[in-house]
Participant: 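Got a structure for you, questions after.
Quick note: numbers below take in every heavy atom, side chains included, and nothing from hydrogens, waters or symmetry partners. Chain letters run A, B, ... following the sequence lines, proteins first, then strands; residues in each count from 1. These numbers come from a predicted model, not from an experiment.
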Number of protein chains: 2
Amino acid sequence: MEIEDGNRGRRVAGRVAGDIRRHNRAVVLELVRNLGPVSRAEVARAARLSPATVAEIIGELVREGLVRVAGEGPSTGGRPPALVELDPEARSAVGLEIGPRTLTAVVTDLNAAVKVRVEKPSKMVEGAKVTAGQVEAIFEQILQEVPEAAENSLGVGVAVPAPILRSRGTRFDPPSDPEWGGLDVPELISRKFDAPVLVDNDANARALGEFLFGAGRGASNMLYVIAHWGVGGALVVDGDLRRGADGGAGEIGHTVIEVDGPPCGCGGYGCLEAFAGRAGIARRARRALKLAGRDRLGGVDLDDLKVRHVVQAARDGDELAARVLEETGQYLGIGVANAINVLNPEVVVLGGSTVEIGEMVTGPLVRVARRRALPGMAEGTRIVKGELGEDAGAVGAAALVLRELFAVSVPEAVRRTVV
Amino acid sequence: MEIEDGNRGRRVAGRVAGDIRRHNRAVVLELVRNLGPVSRAEVARAARLSPATVAEIIGELVREGLVRVAGEGPSTGGRPPALVELDPEARSAVGLEIGPRTLTAVVTDLNAAVKVRVEKPSKMVEGAKVTAGQVEAIFEQILQEVPEAAENSLGVGVAVPAPILRSRGTRFDPPSDPEWGGLDVPELISRKFDAPVLVDNDANARALGEFLFGAGRGASNMLYVIAHWGVGGALVVDGDLRRGADGGAGEIGHTVIEVDGPPCGCGGYGCLEAFAGRAGIARRARRALKLAGRDRLGGVDLDDLKVRHVVQAARDGDELAARVLEETGQYLGIGVANAINVLNPEVVVLGGSTVEIGEMVTGPLVRVARRRALPGMAEGTRIVKGELGEDAGAVGAAALVLRELFAVSVPEAVRRTVV
DNA sequence: CCCACTTATAAAACAACGTAAATAAAGTCT
DNA sequence: AGACTTTATTTACGTTGTTTTATAAGTGGG
């Protein structure tokens, strides 16, 4: 119900009765989801709505199958409540993560629990055509394993490793690969799978997943940080994922933490990613080894050194390697501290392979983030690892769809929907 | 209508019919304000509401005196429209800025135009008692000059140079002065002036002023930066001022831009403020002079060197001083670039005395901000000086009150209101 | 064991709000 | 002069949530 008008870009629109109903329906559904088996009366209290209204909405949800009765609760001095809960099997959602080397798709229930998982190798460097073929193959396989997937599904969410800017379309061109040639993801998927398609970048999708179903549940302000090949992020401000003016918000990886720092892949200098991205970690490791007069690490030549070798060496007790990882955490901690100062979130959720390295990285990360944030600012901030695990990208993509059901706030204006 | 509930901190609340009316009233009033003399029909189109609804709401606003008819517009082939516009004189607002050395109060109309201005010197170092007395004196003077101020006023906004955290009260204790002793601003003002009082920190107030009445008008995403004694900021995200989880959002001044940089007043190292705050500028100037083997600048001894001496020297052609100011702009530009990457705003508004130095600072600031933001990110971002001038703080404080009238989105949960 | 008291749920009367359609008002255009 | 257009107002109506009332189904004291 929000529109763009001539008012210099500000969105202003009136509301009608249907908007109230949509809002209250989402509020009730979200409360039923979160409070587990719960009585209508308690939902009414939590939502600040009258019992009558809540009863009617829940009746509607029960008729639609989204909510089911779940026995009777204990009496607290009166008639015992009839409990209701979300029926997670009522509908499903599909999430597809297009990674640089792999395609991962999941079919989830309404709790974002993975029910079917399909993975196919597909290196992006092989071009858009090849990836398109693999995407089609994935959806064929999904339909084979779950023939009713399309009808039962709320839609398909897609996470792509590139910004989805308002000023461009759903066509997806990774910035790292100018030869790619463009891939109109919704168009492609709608050929095989008859459901709405929503596309967003992978950091936003993961953030949304953690916000709705993972470590950020219940927070109003959340910062998500993903440290993988690059370093990215996404923001939840006052209860909703925020994309900024053009959809590019959250790019914490290219904030400068060293004015005259090393060059970064983005063309700048001293970006966080130049220190704590994969390439940056390897670069620092090589430099440290050279300074120490060593030309090998755990049997690997300097020129072939990858992050996994550094991790292995650190686990095997190599102190230099351990220090490189510690510094990685420290750099990330500074980036996180900076973002905490700007956003003052109540929770920071960390994801990505660099975080998965473990305590060697996250320990210093958390310590430095707390120490270098403005005193008082980070005290109330939890800094935790994501809960969505290895399939966070695909599950987050599914969350793009599930959000439509649960999100209380008005959905974003930028929705890339086909059919 | 938003409440805190047990749902792990997330705010969820149902809406009722009255919420619709409140929302639509604000939408209509905001459109009338922004579109100047405008017909009911045009407002209806812009608001996506039916002509009937808009007519009724405007009738209500006219009866209340907030809106008045302003002649007739030209016919476009049919009945000529009766134009309506905001009557800025209908009500007033009071804004008080408590600065480190000065108290400034303004009485404004509904367009935030200053009608009365009262200033009193009051150094915060003299303690809360003295300041309290001066605040009372200011309101006495206001009531003397405009006896009807209290009845006519929507309320009093107060901007204080300290974070207003949700976790603390309205009691205001500047972090720089532990001896201060606390000042309950709403309580104090309500002794003299019978109107609601809203308190926020100065950066938030200024940002709100620029957003509603100044350089940020019409934007949805805005970053405000104030470079004065320190460096601060505030955020508008998706059409509303955002304060973060605890009210501390926007502290751009203490983001780290140099991992091993110079110590900052906050206890950290390499913060933006350590380079571009007043103390940082003076420190860099002294250091540059020493390196150049000079012990004076424009007749001033190194130990007494203040920013104003650097500015004077630069204006008089001193190249070293000019370079110090250029670097100040560059450091600020890096901080702005970092925030642009995280927030992707459509406009950055600059304020504070350091920005007022002029092109010598803002030129490099804008250039560096554009160059060091992620490619593509800053292209659509305007970077401009604030439009509210010298009284931006006090006018912004008044905006805290005016916002209640115009703000379309739900008002923040944290309102410090007395009476 | 019964009766007063709670608590939960359902149903009916009611009030607020916006819309659609009809009507009136006041112009333009051929 | 007559058809058409645009703006504004009035009226009937539908949606939505609330309040009130009734009903169901427990608890607890005497």
Participant: Within this structure, what is the CZ-to-C1' distance between A:Arg22 and D:dG17, rounded to whole angstrom?
Facilitator: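 It is 16 Å, rounded to the nearest whole Å.
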Participant: Using side-chain heavy atoms (C-beta onward) and a distance below 4.5 Å, is B:Val236 in contact with B:Asn221?
Facilitator: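 Answer no - side chains too far apart.
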Participant: Please determine, for the side chain of A:Pro80, which listed nucleotide (D:dA25, C:dG18, C:dA8) has the closest atom?
Facilitator: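 Nearest to the side chain of A:Pro80 among the choices is D:dA25.
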Participant: Judged by atom type as modelled, is there a donor-acceptor pair below 3.5 Å linking the side chain of A:Ser153 to the main-chain atoms of A:Ala150?
Facilitator: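 Flag not set: sc A:Ser153 to bb A:Ala150 has no pair under 3.5 Å.
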Participant: Of the options D:dT7, C:dC17, C:dT9, whose atoms approach the side-chain atoms of A:Pro51 most closely?
Facilitator: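 The nucleotide sitting nearest to the side chain is C:dT9.
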Participant: Rounded to whole angstroms, how far apart are CD on B:Glu42 and P on D:dT6?
Facilitator: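 After rounding, the reported distance stands at 14 Å.
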Participant: Side-chain N or O of A:Asn24 versus OP1/OP2 of D:dT16: is the shortest distance under 4.0 Å?
Facilitator: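 Indeed not, no polar side-chain atom of A:Asn24 lies that close.
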Participant: Counting only side-chain N and O atoms of A:Arg45, is one of them less than 4.0 Å from OP1 or OP2 of C:dA8?
Facilitator: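 Checking A:Arg45 against C:dA8: at least one side-chain N or O falls below 4.0 Å of OP1 or OP2.
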Participant: Just how far, in rounded Å, is C1' of D:dT18 from CD1 of A:Ile20?
Facilitator: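 Checked: the CD1 to C1' distance equals 12 Å.
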Participant: Going by distance alone, is a donor N or O of one side chain under 3.5 Å from an acceptor N or O of the other, for B:Arg217 and B:Asn34?
Facilitator: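 Yes, B:Asn34 and B:Arg217 have a side-chain donor paired with an acceptor closer than 3.5 Å.
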Participant: Show each protein N/O and nucleotides 13-15 of chain C N/O combination with a separation under 3.5 Å, one pair to a line.
Facilitator:
none

Participant: Between B:Arg21 (CZ) and D:dT16 (P), how many Å, whole number?
Facilitator: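 After rounding, the reported distance stands at 18 Å.
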Participant: What I'd like to find out is whether the side chain of B:Arg21 reaches to under 4.5 Å of the side chain of B:Glu60, using heavy atoms alone.
Facilitator: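 Answer yes - side chains close enough.
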Participant: Rounded off to whole Å, could you give me the CG-to-C1' distance for the B:Leu49 and C:dA16 pair?
Facilitator: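 Computing the B:Leu49:CG to C:dA16:C1' distance gives 15 Å.
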Participant: Let's see if you get this right: which residues in residues 56-77 of chain B place a heavy atom under 4.0 Å from DNA chain C?
Facilitator: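 The stretch gives B:Ser75, B:Gly77 as the residues lying under 4.0 Å from the strand, ordered by number.
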Participant: If you define the side chain from C-beta out and look only at heavy atoms, does anything of A:Leu402 sit under 4.5 Å from A:Phe213?
Facilitator: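 With C-beta onward as the side chain, the pair touches.
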Participant: For B:Leu83 and D:dA8, what is the distance between atoms CG and C1' respectively, to the nearest whole Å?
Facilitator: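 The distance from CG of B:Leu83 to C1' of D:dA8 comes to 13 Å, rounded to the nearest Å.
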Participant: Say you draw a straight line from CG of B:Leu29 to CD1 of B:Ile58; how long is it, rounded to the nearest 0.5 Å?
Facilitator: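 One finds 9.5 Å between CG of B:Leu29 and CD1 of B:Ile58.
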Participant: Would you call A:Glu56-A:Arg25 a salt bridge at under 4.0 Å N-O?
Facilitator: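 Salt bridge flag = no for A:Arg25 with A:Glu56.
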Participant: How close or far is atom C1' of C:dC17 from atom CZ of B:Arg25, stated in whole angstroms?
Facilitator: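 Taking atom C1' of C:dC17 as the reference, CZ of B:Arg25 is at 15 Å.
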Participant: A:Arg33 and A:Glu30: salt bridge (charged side-chain N to carboxylate O under 4.0 Å, His left out), yes or no, with the steps?
Facilitator: CA-CA 5 Å; A:Arg33 172 174 91 92; A:Glu30 174 75 2; 3.3 Å; yes
Participant: When you get a sec, tell me which of C:dG27, D:dG17, D:dT9 is the closest nucleotide to the side chain of B:Arg40?
Facilitator: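 Shortest atom-to-atom distance from the side chain points to D:dT9.
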Participant: Does any part of the side chain of B:Arg40, heavy atoms only, come nearer than 4.5 Å to the side chain of B:Pro51, both counted from C-beta?
Facilitator: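 No. Closest side-chain heavy atoms not under 4.5 Å.
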Participant: Can you tell whether the side chains of A:Lys115 and A:Glu89 come within less than 4.0 Å, N to carboxylate O?
Facilitator: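 Result for this pair is yes, salt bridge flagged.
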Participant: Between N or O atoms, less than 3.5 Å apart, protein on one side and nucleotides 20-24 of chain C on the other: list the pairs.
Facilitator:
none

